[in-house]
Asks: 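Below is one structure. I have some questions about it.
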Amino acid sequence: MRTGNEEVCRVLETIADLLEVLGGDDARKAAAYRRAARSVRALDEDVADLHEAGRLTEIPGVGGALARKIGELVETGRLAYHERLAAEVPPGVLDLLRLPGVGPRTAGLLWRRLGVEDLEALEEAARSGSLKKLPGFGPKKEAAVLEGLAALRRRSGRILLGEARPVALALADLVSAVPGVTAVSPAGGVRRWCETVESIEIVAGVEEPEGPRGPAAGSGPGDARGPDAAGRAGGPDRFVAAHVAGALRDLPDVAEVLEVARDRVRANLRSGAGVDVRLVPARLYAGALRHFTGSREHNESLQKRAASMGLELGPEGVLEKGGRSRPARSEEEFYSELGLAYIPPELREGRGEVEAAAEGRLPRLVELSDIRGDLHVHTDWSDGHLSLEGLVEAARARGYEYVVVSDHSRSLAVTGGLDEERLLAQKDAIEEVNRRLAEEGQAEKDGAGPFRLLAGVEVDILPDGRLDLPDGVLAEMDVVTASVHTALRQPGERMTERLVGAAENEHVDVIGHPTGRLIGRREPSALDLEGLFEVCARTGTLLEINASPERLDLKDTDARLAKEMGCRFTVSTDAHHARALGDMVYGVATARRAWLEPGDIANTRSLADLRRLLR
DNA sequence: GCCGTTTTCGGCCCGACTGTTTTCAGTCG
């Protein structure tokens, strides 16, 4: 299997970390590795294809030496230089970097001066007081380390949806190729689009065995019966396998598929997450998929509902009456038998959806196809990798009618943020692109409506609450998103004032990634969210649901509360390269989990309607 | 380690915050 772009990025970044942990070397060398990793991540082409074509050095930040190393990685799946460096540092030292406030230099210091080789040793050092004696350390850092360790423990074992979902889909693909498999789907948290999941679950339906041979029953935990016992105990009504690996091994052609699946999981998941593949007789597929999709709370609600109707929910997820099972042919049929409207997976959390389905007041959830444009995208005018023209091409390929160019403002110097002058120059450039698009459109007389770039900006909300650009300039822009990027740890009162102040500014249309969280890595800012929602509902300022799977900010439950308080939303990707425009699915899923309908979301509107709303 | 040229080496997207210092190093965005 060829080494993918993401794997190359990870190795380059690890090398950068190792170089800095080891110290001594020029820090700029590490920076060069990081820069190359960023470039590779922004690529739309396969790095392996570029290598074959001898075009690796066309990647910004990749010269001769890095091209050779990437080539070695792509061809052999390993990199000797990486392995040499890794051998010099205990593997647990890199884990220290997962703590906020601990960078590679600190990790190196902890290791060399205190002999700290992993997170446990660091905790020991903090508790024993030896940490404080290190130069540059004091009581506050000691407390921060302990808090960081506690936070890490709280979320250990969970994987980001953005990481889990692609792997789940690839696994489902593999399983679907197994002879006899009639249907496959991810289940569990992945199917509900939970922001993080504990494990990846796949449910597959298999043609039922003829006679005593064929797919054997499973023997994993949860189903200790052997094949014969299963046959006698319940025959076709029982799971082929409640725990999957066992049954998979027994099916013809499956061992090989499983091996590939394991490889794929190993290559793509940073943490050792559990993967469950569940094979069930084809006729029980719908019931099993339903059973393994809903949260415990959702399934308990269904159980109660069934009981109130004199029905029982059997262990296979089918309804039973008087011991007679009635397997549903589809999930729709299952819910219908309970007198319920079909409940989409994203709502199956036990948050009132069963009651709503019974009363016919489930929302008409927003869908990806409702989205007509992306309102938050970066270009190479600041820290994005897309040119204006490249953005147009990528957005049209997704069927969008418009996209808002919203680069950073000047105070975010690291991103090359735009000052007043450059922002207005960019606006001219955007108008030029639009003029050309209009001419082309007329020349081609194509049926598709005209595509438009809109001129926007992601203006920074400064630590003192002021905006990073004067009102006069903001008034010139089509869409103004205001976001916090610095001093995210101010006290809640101060943070709330900053955001409320921005929401009250008449030129601000959207509050970008309102809480500033990075899932699993950075806690949301201390913030009076309800206070902010009140102001947004009153002023009509839109709240962003940032679709990046690392943010999903606002998150589902917060967005649902905001909707109840009368707020409207945008769902946007914050993309910095073309591929990230595809993150829209995660934003839409989060909006669905928040019970949002198309009317709640500004970028489901036509351009004319959007302009009316913003005015 | 890259890049651009000054064609063979010197500069490399910047600035603020934090906790620790009393002049700064590291982290972060």
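These figures come from a predicted structure and were not determined experimentally. Numbered from 1 within each chain, the chains take letters A, B, ... in sequence-line order.
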Asks: Can you tell me which residue pairs pass the salt bridge (charged side-chain N to carboxylate O under 4.0 Å, His left out) test with a partner in residues 501-510 of chain A, sequence neighbours excluded?
Replies: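 Residue pairs with at least one partner in residues 501-510 of chain A: Glu504(A)-Arg538(A).
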Asks: Could you state the CG-P distance from Leu109(A) to dG19(B), rounded to the nearest angstrom?
Replies: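 Nearest whole value for this atom pair: 18 Å.
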Asks: Please state whether the rings of His485(A) and His408(A) are parallel, tilted or perpendicular, taking 30° and 60° as the class boundaries.
Replies: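 It falls in the perpendicular class, over 60°.
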Asks: Can you tell me how far C1' of dG1(B) sits from CD1 of Ile59(A), to the nearest Å?
Replies: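 Going from Ile59(A) (CD1) to dG1(B) (C1'), I get 15 Å.
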Asks: With the side chain counted from C-beta on, respond yes when Leu97(A) and Pro104(A) share a heavy-atom pair under 4.5 Å apart, and no when they do not.
Replies: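 Side-chain contact under 4.5 Å: yes.
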Asks: When you compare dT7(B) with dC2(B), how far apart are their C1' atoms, in angstrom units rounded to a whole number?
Replies: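 Approximately 16 Å lies between the C1' atom of dT7(B) and that of dC2(B).
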Asks: For the side chain of Thr106(A), counting heavy atoms from C-beta on, which of dC12(B), dT20(B), dT27(B) is nearest?
Replies: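 Shortest atom-to-atom distance from the side chain points to dT27(B).
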Asks: Should dT8(B) form a Watson-Crick or G-U wobble pair with both distances under 3.5 Å, which nucleotide is its partner?
Replies: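 Matched dT8(B) with nothing under the 3.5 Å cut-off.
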Asks: Do Ser411(A) and Asp468(A) have a side chain donor and acceptor closer than 3.5 Å?
Replies: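 A pair is found: one side chain offers a donor N or O, the other an acceptor, under 3.5 Å apart.
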Asks: Can you confirm whether more than 12 heavy atoms, excluding those of Arg422(A), are under 6.0 Å from its CZ atom?
Replies: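 Atom CZ in Arg422(A) is packed in, count exceeds 12.
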Asks: Which atom names give the shortest non-hydrogen contact between Val508(A) and Ala482(A), and what distance separates them?
Replies: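 Scanning both residues, the minimum pair turns out to be CG1-CB, 3.8 Å.
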Asks: Please state whether the phosphate of dG26(B), meaning OP1 or OP2, lies under 4.0 angstrom from any side-chain nitrogen or oxygen of Arg105(A).
Replies: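 Arg105(A) to dG26(B) OP1/OP2: side-chain N or O found under 4.0 Å.
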Asks: Write down the distance separating the C1' atoms in dC9(B) and dC14(B), rounded off to the nearest Å.
Replies: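 The answer is 24 Å between these two C1' atoms.
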Asks: Using the C1' atom in both, what is the distance from dC12(B) to dT6(B), to the nearest Å?
Replies: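 Here dC12(B) and dT6(B) have their C1' atoms 16 Å from each other.
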Asks: Of the non-hydrogen atoms in Gly61(A) and Leu66(A), which two are nearest, and what is the gap between them?
Replies: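 Closest pair (atom of Gly61(A), atom of Leu66(A), distance): O-CD1, 3.7 Å.
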Asks: Assuming nearest nucleotide by heavy-atom distance, tell me which of Pro463(A) and Gly103(A) is located more 5' along DNA chain B.
Replies: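 Its nearest nucleotide lies further toward 5', so the answer is Pro463(A).
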Asks: Checking all strands, does Ala65(A) fall into the base, sugar-phosphate, or nothing category for heavy-atom contacts under 4.0 angstrom?
Replies: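 Counting heavy atoms under 4.0 Å across all strands, the contact made by Ala65(A) is with sugar-phosphate only.
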Asks: Suppose you measure atom P in dG11(B) against the same atom in dC17(B); what distance do you get, rounded to whole Å?
Replies: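 These two P atoms come out 29 Å apart once rounded.
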Asks: If I take atom CG in residue Leu462(A) and atom P in nucleotide dC17(B), what distance separates them, rounded to the nearest angstrom?
Replies: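 Interatomic distance, CG of Leu462(A) to P of dC17(B): 10 Å.
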Asks: Can you check the Arg38(A) CZ to dC28(B) P distance for me, whole Å?
Replies: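 Taking atom P of dC28(B) as the reference, CZ of Arg38(A) is at 15 Å.
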Asks: Can you tell me how far C1' in dG1(B) sits from the matching atom in dT8(B), rounded to whole Å?
Replies: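 After rounding to an integer number of Å, I get 16 Å for this pair.
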Asks: Between Ile159(A), Ile519(A), Leu161(A), which is the residue that forms a side-chain contact (heavy atoms from CB on, under 4.5 Å) with Thr196(A)?
Replies: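 Result for side-chain contact (heavy atoms from CB on, under 4.5 Å) with Thr196(A): Ile519(A).
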Asks: Rounded to whole angstrom units, what separation is found between the CG atom of Asp383(A) and the P atom of dC14(B)?
Replies: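 Atom CG in Asp383(A) sits about 14 Å away from atom P in dC14(B).
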Asks: Does Thr486(A) have a side-chain nitrogen or oxygen under 4.0 Å from the phosphate oxygens OP1 or OP2 of dC17(B)?
Replies: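 For Thr486(A), the contact criterion (side-chain N or O under 4.0 Å from OP1 or OP2 of dC17(B)) is not met.
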Asks: Parallel, tilted or perpendicular: which describes the rings of His577(A) and His385(A), with under 30° parallel and over 60° perpendicular?
Replies: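 Correct class here is perpendicular.
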Asks: Going by the side chain to side chain donor-acceptor pair (under 3.5 Å) test, name the single residue among Asp471(A), Thr539(A), Thr541(A) that passes it with Asn505(A).
Replies: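 Of Asp471(A), Thr539(A), Thr541(A), side chain to side chain donor-acceptor pair (under 3.5 Å) with Asn505(A) is met by Asp471(A) alone.
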Asks: Work out how far the P atom of dG15(B) is from that of dT20(B), and round it to whole angstrom.
Replies: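 26 Å, rounded to whole Å.
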Asks: Mind running a 4.0 Å heavy-atom check of residues 115-139 of chain A against DNA chain B and sending the residues that fall below it, in number order?
Replies: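 Contacts with DNA chain B under 4.0 Å: Gly136(A), Phe137(A), Gly138(A), Pro139(A).
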Asks: Which of these nucleotides, dC17(B), dC12(B), dG1(B), is closest to any side-chain atom of Tyr81(A)?
Replies: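 Given the options dC17(B), dC12(B), dG1(B), the side chain of Tyr81(A) is closest to dG1(B).
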Asks: Within residues 405-419 of chain A, which residues have any heavy atom lying less than 4.0 Å from an atom of DNA chain B?
Replies: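 Ala413(A), Val414(A) - these, ordered by number, are the residues of the stretch whose heavy atoms sit under 4.0 Å from the strand.
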Asks: Of Arg521(A) and Lys141(A), whose nearest nucleotide on DNA chain B comes first from the 5' end?
Replies: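 First, find each residue's nearest nucleotide; the 5'-ward one identifies Lys141(A).
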Asks: Report yes if at least one side-chain N or O of Lys69(A) is closer than 4.0 Å to OP1 or OP2 of dG1(B); otherwise report no.
Replies: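 For dG1(B), OP1/OP2 do have a side-chain N/O of Lys69(A) under 4.0 Å.
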Asks: CG of Leu22(A) versus P of dG1(B): gap in Å, rounded?
Replies: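 It works out to 14 Å between those atoms.
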Asks: Separation of Leu110(A) atom CG from dA25(B) atom P, in whole Å?
Replies: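 After rounding, the reported distance stands at 18 Å.
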Asks: Round to the nearest Å and state the distance from Lys140(A) atom NZ to dG26(B) atom P.
Replies: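 Interatomic distance, NZ of Lys140(A) to P of dG26(B): 20 Å.
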Asks: Could you check whether any side-chain heavy atom of Glu20(A) comes within less than 4.5 Å of a side-chain heavy atom of Arg34(A), counting everything from C-beta outward?
Replies: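 Counting from C-beta outward, Glu20(A) and Arg34(A) do come under 4.5 Å.
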Asks: Can you check the distance between dC13(B) and dC28(B), where both ends of the measurement are the C1' atom (answer in whole Å)?
Replies: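 Rounded to whole Å, the distance is 15 Å.
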